[in-house]
Amino acid sequence: MTEPWVLYAGIAVWIGIGAYAAFLAANQRRLSRRIFQLELLVRDDSK
């Protein structure tokens, strides 16, 4: 039978991977919004 701590360690690793993926997704959304804002500024300045 597998030791309980191995199961808990695996769960902790997957929680960490999920949290990191959520962090990356949030940063990606923030950067995408910022790039869109900058593109609008450049487009307005070129008119």
Side-chain angles (χ1 to χ4, degrees):
M1 179 96 186
T2 304
E3 296 292 328
W5 65 269
V6 174
L7 178 64
Y8 300 143
I11 291 170
V13 166
W14 282 108
I15 288 172
I17 290 171
Y20 184 62
F23 170 76
L24 289 178
N27 275 343
Q28 180 63 38
R29 282 191 302 272
R30 184 181 58 82
L31 289 172
S32 293
R33 281 194 304 263
R34 183 64 178 143
I35 289 170
F36 180 71
Q37 290 172 342
L38 291 171
E39 287 173 344
L40 288 178
L41 286 174
V42 169
R43 197 175 304 141
D44 288 344
D45 286 343
S46 65
K47 288 184 180 179

Asks: Kindly list each side-chain donor-acceptor pair under 3.5 angstrom involving residues 21-33, sequence neighbours excluded, with atom names and distances?
Replies:
from : atom 1 : to  : atom 2 : distance (Å)
Q28  : NE2    : S32 : OG     : 3.3
S32  : OG     : Q28 : O      : 2.9

Asks: Which value, rounded to the nearest 0.5 Å, describes the distance between L41 atom CG and F36 atom CZ?
Replies: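 Rounded to the nearest 0.5 Å, the CG-CZ separation comes out at 10.5 Å.
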Asks: Hey, what else clusters with W5 if you join Ile, Leu, Val, Met, Phe, Trp, Tyr whenever side-chain heavy atoms sit under 4.5 Å?
Replies: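 V6, all in the cluster of W5.
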Asks: For W14, which fellow cluster members are found when Ile, Leu, Val, Met, Phe, Trp and Tyr are connected by side-chain heavy-atom distances below 4.5 angstrom, either directly or through intermediates?
Replies: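 Members other than W14 - counting any ILVMFWY side chain reachable under 4.5 Å - are V13, I17.
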